[in-house]
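Have a look at the structure below before the remarks.
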Amino acid sequence: MQENFSLKPFNTFGVEAKAKYFVEVNTAEELIETLKHSNTQTLPLLFLGGGSNILFTKDFEGLAIQLNLKGISEELLNENEILVTAKAGENWHEFVMYCLNKNYGGLENLSLIPGNVGTSPMQNIGAYGTEIKDHFVSCKVLNLQTLEVETFDLEKCRFGYRDSIFKQEGKNQYVILEVSFKLTTQNHAIKTEYGAIKSELENLGIINPTIQDVSKAVINIRQSKLPDPKKIGNAGSFFKNPTIPSAQFEDLKAKFENIQGYPNGNFVKVPAGWLIEQCGWKGKQIGNVASHQLQSLVIINATGNASGKEIFDFSALIIDSVKEKFGIELEREVNIL
């Protein structure tokens, strides 16, 4: 266990923050032993994955635990389905590539999403018409009160849009140890209707795409729009896409005829990036922080010297301006500490 430990390498924004204590664990048993340690009983706990969905606005006065649990296992269910289980510390994109290399279908639209497997159920990560709940079977979790391992199935996880039980009443109650997905081995369901996948496949000269082709298209699209966190600090999409009542959307459409929206029952999902761009934030920089020049939904540590508070304050200005112009209050997707 280390003291006064820098968390800068453990968050993709690259902001400086220190943890009072820090430890890395490689197995569930090590994690349980760490939590049983007498000095940790009263300390606040922070579990670190890939650091791609967190913003530190201050030092953490507790114990930060880096979950480095690794390993992937498989169980053939039938001639067309396989259960693939990955430990929490596996890198998400590398896990997706592992599946694609074995021709396991289902996760290809989720290529190049930053972070680790263990954090993927927390906010039901999704992109290009797919969410992990579409292929999720179960996850094993450690109950932090009893230190017993439990299994959560799809229903118990209560997945919603970028939401789950782990962000609601289960927050700070459980640690995800591994996640199991049901994937296809041959009769793959190809999803190309969402976003720019079709046009990118056309650019690649592909008419009958494989799951590997879809992944390549998604990677190309993401790389063209989103900055690499290894080169410039960011956490991907900083805000959720808001969902508003259809009547409110129609009122807004009367004022802003070019407003974009995706109907879902009596509600419409409005792209947060479009709202932010209409308020003049695309590419705008204040001090060390900016909205990305190609994707206004992404806030970047433009100089590499931004503090977490600077980034948070910048996001607050965006929220205020969108609410003032459109009457819609954006919600941060990134966890704030």
Side-chain angles (χ1 to χ4, degrees), residues 1-69 87-89 114-125 139-150 152 157-158 162-179 229 233 235-236 238 301 306-313 315-316 331-337:
M1 189 175 295
Q2 302 179 64
E3 296 185 29
N4 200 31
F5 188 85
S6 173
L7 296 174
K8 189 170 184 177
F10 295 92
N11 72 97
T12 57
F13 265 118
V15 300
E16 183 57 82
K18 287 185 168 26
K20 188 172 184 179
Y21 301 104
F22 173 88
V23 68
E24 181 179 293
V25 298
N26 298 295
T27 66
E29 291 72 25
E30 285 184 9
L31 174 58
I32 292 170
E33 284 306 307
T34 297
L35 296 175
K36 284 181 177 177
H37 196 280
S38 58
N39 291 343
T40 69
Q41 295 292 322
T42 58
L43 284 174
L45 298 175
L46 172 64
F47 296 94
L48 298 170
S52 61
N53 195 44
I54 193 167
L55 176 63
F56 292 107
T57 60
K58 57 188 177 182
D59 291 341
F60 182 68
E61 297 297 324
L63 171 62
I65 302 176
Q66 173 69 17
L67 297 171
N68 197 34
L69 286 66
K87 299 288 188 183
N116 288 353
V117 169
T119 52
S120 64
M122 292 182 66
Q123 59 171 17
N124 183 26
I125 61 171
C139 61
K140 285 188 177 179
V141 305
L142 181 68
N143 184 315
L144 293 176
Q145 300 210 323
T146 65
L147 296 186
E148 296 289 330
V149 175
E150 302 177 16
F152 277 40
C157 286
R158 302 221 329 265
R162 301 298 174 270
D163 200 14
S164 71
I165 189 174
F166 305 111
K167 290 184 72 175
Q168 300 301 328
E169 68 267 30
K171 188 174 183 179
N172 300 324
Q173 304 297 313
Y174 305 96
V175 179
I176 297 170
L177 303 175
E178 64 181 41
V179 190
F238 197 91
N301 183 351
S307 68
K309 186 178 184 307
E310 279 183 278
I311 294 170
F312 180 83
D313 291 346
S315 72
E331 184 180 347
R332 296 176 180 91
E333 188 172 319
V334 174
N335 293 312
I336 311 296
L337 285 179

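What you are looking at is a predicted structure, and each value in this text was computed from that prediction instead of being measured.
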Do [X] side-chain atoms and [Y] backbone N/O form a donor-acceptor pair below 3.5 Å?
X    : Y    : value
S164 : P121 : yes
N143 : T146 : yes
E30  : N26  : yes
D59  : K18  : yes
N11  : L7   : yes
N301 : F13  : yes
T12  : P229 : no

Just verifying a value: how many Å separate [X] [atom1] and [Y] [atom2], rounded to the nearest 0.5 Å?
X    : Y    : atom1 : atom2 : answer
I125 : E333 : CD1   : CD    : 10.5 Å
L337 : K58  : CG    : NZ    : 8.0 Å
E24  : T34  : CD    : OG1   : 11.0 Å
I65  : F22  : CD1   : CZ    : 9.5 Å
C157 : I165 : SG    : CD1   : 7.5 Å
N124 : D163 : CG    : CG    : 8.5 Å

Side-chain heavy atoms of [X] within contact of [Y], under 4.5 Å:
X    : Y    : result
N4   : Y21  : no
R332 : S315 : yes
V149 : V141 : no
L45  : L35  : yes

Please report the closest heavy-atom contact between [X] and [Y], naming both atoms and the distance.
X    : Y    : result
L43  : G62  : CD2-CA, 4.3 Å
F56  : V15  : O-CG2, 3.7 Å
M122 : G118 : CG-O, 4.4 Å
L55  : F312 : CD2-N, 3.9 Å
G14  : K8   : O-CE, 3.2 Å
G49  : Q66  : O-NE2, 3.4 Å

* With sequence neighbours excluded, residues passing side chain to side chain donor-acceptor pair (under 3.5 Å) with T57 -> none

What pairs of donor and acceptor atoms, side-chain ones from residues 172-179 against any protein atom, are under 3.5 angstrom apart with sequence neighbours left out?
from, atom 1, to, atom 2, distance (Å)
E178, OE1, K87, NZ, 2.9

* Asked: Can you tell me if S307 and E16 form a side-chain donor-acceptor pair at under 3.5 Å?
  -> no

* Ignoring hydrogens and angles, state whether a donor on the side chain of N53 or Q123 is under 3.5 Å from an acceptor on the partner side chain. => yes

* Asked: L63 and V23: side chain to side chain contact (heavy atoms under 4.5 Å, CB included), yes or no, with the steps?
  -> CA-CA 8 Å; L63 171 62; V23 68; 4.0 Å; yes

* To do: Applying side chain to side chain contact (heavy atoms under 4.5 Å, CB included), run through T119 and F47 and close with a yes or a no.
  => CA-CA 10 Å; T119 52; F47 296 94; over 6 Å; no

* **Carboxylate-amine/guanidinium contact E169 R158, below 4.0 Å** => yes

* To do: From the options N116, T27, V25, select the one residue that forms a side-chain contact (heavy atoms from CB on, under 4.5 Å) with L69.
  => V25

